[in-house]
Amino acid sequence: MDKNILREIGLTDSEINVYLALLELGSTTTGPVVDKSGAASSKIYEILDRLMQKGLASYIIKAGKKYFDAAPPERILDYLKEKQQNLQKQAQAVEKILPSLQLKRKMANDKNEVTIYKGLEGIKTAHENFLKSMKTGDELVDFGLTEQPEAQTIYFNHFQKRREQKGVKFRQIMHPVASDEFEFRKKLPLTSLKFFSLDQTYPVGFEVCNDTTIFTVNEKDGISIVIENKQVADTFRSYFEKQWQQDVIVSKGADAFRDALLKAINELKGGDTYRVLGASFGEQGNEKNFADIFRQMHEKRIEKGIKAELLFYKGNAKSVEQYGQEFYEGKNAEIKFLPYGTDSPVEILPYADKTVMIIQEKEPIVITINNKKIADSFVRHFDSLWEQDTMLYNGIEGVKAVYDDTLNYKDVYFIGANWGIKHYFPDYWKEYNAKRIKGKVFWHDLIARQYDDKYYDKFQKQDAEVLRAQHFYEWRELPKEMASPHVIAIFGNKIASILWGKEPRISVVENKEIAASYLKYFKLLWDSAGNKTRVHHGREGPVLVLQEIIEAGKRGLPNYGFGTDTNPYWLYLRKDLEEFFAAEKKYTIKTKLLFMEGGEHKQPNADVRYLPKEFVSPVRIMVYDDKVAMVDFTEPWTTIILQKKEIALAYIKQFELLWKMAKP
């Protein structure tokens, strides 16, 4: 075969000989390649690396050894198209030698299951092969896109156009920072997009179509790992579906607050109405910071010609006058005031298919509900409050009037229950509760933690368990972040908004559609609370994980850990880790751990393997029993413990896959 053609397109003699050797040998280590190609053994890795940078070779790891393989000969055509000189002449030349190259590749019998591609050209090669394997009617799912290099963005935008033209459906969950990609892709047919939380980051994204999964790491030159395995594809597709079906997303901080407002304005069009139920300027002393965020949002709203209707909490008139005139007065905005206020203001912004709830504390909490029916219901609720007066009740007489009314209904649902009635009016509470039990009025309680954990365990939780023992009562726990003196009660067609205190204030709206929407919201939170997801901050979380692993180990259950290059427990909680080592040895707990090459750690009792540094993650993940613990040791420390058997099994499958790829 005439090698001059390959020389003319820019390949060196050593690259040509090694590439042809790979075609004939198939998947192989460097030894046979050196023998076949005649390349110097000291230069073979350098030559192979150049071929991988050009997208003409790849490698996998088997039993701790690298096995190299040639890319399909068709890749040379793509390489030629990037050459600026003699493009047509070179393409025709390669087409002439393709049959002989293809024949050599067909002689290789070993088909790889896992293939690694390096650099932008390698990523392109992986995805071009991926696209060629798809057919009309297939679906590609994609999870984890954050920011990526501009060159990748340009390539993947072109990839998406060709994917759509081929008739392949596409769903993607991406980070809100990838707004440019979102704006481009949302316009394509056969495409559906969602965002995950602002405070979530994923260093590795994955794509799944049919039986192929591609993991892509965008750091430095970038890496794509292609796995052709039905079980792996099904596992990650299942994980994607769980994330896709998630209706509630929680994020924190001023940036999340600002982005939520700007996102709402971006999705509304000129002539639409921006509605806010429970508007305010945040907690006292922090009004200016919130006003700065509102200013940015309203400038965009005014520019787009969007109308604003804002129902402010009572007591915000002074703040509106001081901060809001510049973007309310004469700026296509109308303001009204609710008859009640709050110390922990919660804004509700329903629009399109979303409802955004913002708890305006010093560090705002943003809760996004992706459900069109709920959003429509909140819009109707807003319109009802905007057009009509609300029944108001104050003091103990108001409490009696509302609670006595609940005795006429079979079920009462509470969101954010905090036992204010028992705390402020204990005598009336005893009288009322006896009537409730006698009348078989069933309470369904979503309890929000108040103050610290000690108070919660001693009073709130204890009171709930006492009621459960008396029957006609059930309860679940809301996250700490949703704690508020503002309690919502739903009974019949009525919604009571209760602000507890020595002089409580209660507003009651009677509307069938609004009550139905709140009940739907309650059930959504109830199901979410039933998932047994716990969030801990500070030292408490990682220490609790060690304790739970020990308890699981006593029952003979294994422990799996992976994610970080260094063992953060060894760095920050050495005494606790050494106590864990003692228990691990005493109860013969079976532990498998994955670390990255070069990390600092100590594990005297565990079976340990090592992954390349490209797999490093800032979060340490432990899987034990039916739990998955994710511990972030960046300040402030955050621990999330998911208790669900299906999720734990999915993470174990992911661990075992990585375990096979790791070095002892």
Side-chain angles (χ1 to χ4, degrees), residues 173-176 178-179 182-183 185-187 191-198 244 246-251 254-282 290 293-313 324 327-328 331-336 338 345-360 364-387 488 495 509 511 513-514 516-518 520-521 524-525:
I173 305 174
M174 61 175 64
H175 195 281
S179 56
F182 176 83
E183 291 301 320
R185 297 179 186 186
K186 74 177 183 179
K187 300 174 184 177
T191 301
S192 298
L193 305 172
K194 287 185 178 182
F195 289 115
F196 51 78
S197 297
L198 278 161
W244 184 265
Q246 182 175 326
D247 284 335
V248 180
I249 299 173
V250 180
S251 52
D255 289 340
F257 182 19
R258 180 186 298 103
D259 289 343
L261 296 180
L262 292 176
K263 187 174 185 295
I265 295 301
N266 286 335
E267 294 191 21
L268 292 171
K269 295 176 289 189
D272 288 345
T273 300
Y274 170 80
R275 299 173 176 85
V276 180
L277 174 59
S280 78
F281 282 85
F290 283 92
I293 294 174
F294 291 139
R295 183 178 296 105
Q296 296 177 44
M297 181 274 295
H298 281 288
E299 286 175 353
K300 188 73 173 176
R301 174 189 67 79
I302 295 165
E303 178 185 333
K304 291 187 68 173
I306 296 169
K307 181 181 179 182
E309 292 181 351
L310 302 105
L311 277 167
F312 272 89
Y313 283 116
F327 41 81
Y328 295 146
K331 301 295 175 63
N332 199 21
E334 189 174 356
I335 294 171
K336 293 184 180 181
L338 293 166
V346 180
E347 282 197 3
I348 300 176
L349 286 66
Y351 69 95
D353 59 350
K354 298 178 180 64
T355 302
V356 179
M357 306 181 72
I358 302 171
I359 303 174
Q360 292 191 19
I365 299 169
V366 180
I367 303 169
T368 303
I369 305 171
N370 296 304
N371 186 299
K372 188 176 188 306
K373 290 184 178 179
I374 291 178
D376 290 344
S377 296
F378 269 109
V379 169
R380 289 192 293 270
H381 175 48
F382 177 92
D383 290 342
S384 175
L385 293 175
W386 187 262
E387 297 296 335
I488 295 173
I495 309 97
V509 176
N511 182 290
E513 292 181 347
I514 296 174
S517 70
Y518 267 100
K520 191 169 186 177
Y521 174 50
L524 181 67
L525 291 176

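It should be emphasised that the depicted structure is a prediction, and the values quoted were computed from it without experimental measurement.
- Between Val366 and Ala260, the closest heavy-atom pair is CG1-CB, 3.9 Å.
- Between the OH atom of Tyr274 and the NZ atom of Lys307 there is a distance of 15.0 Å, given to the nearest 0.5 Å.
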Query raised in the report: Can you check side-chain contact (heavy atoms from CB on, under 4.5 Å) on Leu261 and Ile265, steps first, answer last?
Result: CA-CA 6 Å; Leu261 296 180; Ile265 295 301; 5.8 Å; no

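- The CD1 atom of Ile335 sits 5.5 Å away from atom OH of Tyr328, with the distance rounded to the nearest 0.5 Å.
- When all heavy atoms of Ser517 and Ser377 are compared, the pair lying nearest together is CB-CB, 2.6 Å.
- With sequence neighbours left out, the side chain to side chain contact (heavy atoms under 4.5 Å, CB included) criterion links Glu513 to Arg380, Asn511.
- The heavy-atom pair separating Ala352 from Ala375 by the smallest distance is O-CB, 3.6 Å.
- Partners of Lys300 under the salt bridge (charged side-chain N to carboxylate O under 4.0 Å, His left out) rule, at least two apart in sequence or in another chain, do not exist in this structure.
- The two residues Tyr351 and Val356 have their closest heavy-atom pair at CE2-CG2, 4.0 Å.
- Here the side chains of Lys304 and Lys269 are not in contact, with every heavy-atom distance at 4.5 Å or above.
- Nearest heavy atom pair, residue Trp244 against residue Leu193, reads CH2-N, 4.0 Å.
- Lys186 NZ: more than 12 foreign heavy atoms inside a 6.0 Å radius.
- For the pair Val379 and Arg275, the minimum side-chain heavy-atom distance is below 4.5 Å.
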Requested in this report: Dump the intermediate steps for side-chain contact (heavy atoms from CB on, under 4.5 Å) on Met357 and Ile369, then the final yes or no.
Outcome: CA-CA 8 Å; Met357 306 181 72; Ile369 305 171; 4.2 Å; yes

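- Summarising the geometry, atom CG belonging to Leu349 is positioned 12.0 Å from atom NZ belonging to Lys263; distances are rounded to the nearest 0.5 Å.
- Using a 4.0 Å cut-off between charged side-chain N and carboxylate O, Asp353 and Lys373 make no salt bridge.
- Counting all heavy atoms, side chain and backbone alike, Arg301 lies closest to Ile306 at NH1-O, 2.8 Å.
- Remark: side-chain polar atoms of Asp259 are not paired, donor with acceptor, to backbone N or O of Ala256 under 3.5 angstrom.
- Within the model, atoms CE of Met297 and CG of Leu262 stand 8.0 Å from one another, a figure rounded to the nearest 0.5 Å.
- Classification of the Tyr521-Phe378 ring pair by plane angle, with boundaries at 30° and 60°, yields perpendicular.
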**Report entry** Residues Gln296, Arg258; criterion side-chain contact (heavy atoms from CB on, under 4.5 Å); working and verdict
**Finding:** CA-CA 8 Å; Gln296 296 177 44; Arg258 180 186 298 103; 3.3 Å; yes

Requested in this report: Start with the C-alpha distance between Glu334 and Leu310, add both sets of side-chain angles, then the distance that settles side-chain contact (heavy atoms from CB on, under 4.5 Å), and finish with yes or no.
Outcome: CA-CA 6 Å; Glu334 189 174 356; Leu310 302 105; over 6 Å; no

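- Taking the six-membered ring where tryptophan is involved, the planes of Trp386 and Phe382 are essentially parallel, since the angle between them stays under 30° and well short of 60°.
- Note that the NZ atom of Lys354 and the CD1 atom of Ile374 stand 13.5 Å from one another [nearest 0.5 Å].
- How far CG of Leu277 is from NE2 of His381: 5.0 Å, rounded to the nearest 0.5 Å.
- Gln360 and Ser280 share a side-chain donor-acceptor pair at under 3.5 Å.
- Thr368 is not listed as a side-chain neighbour of Thr355, based on a closest heavy-atom distance of 4.5 Å or more.
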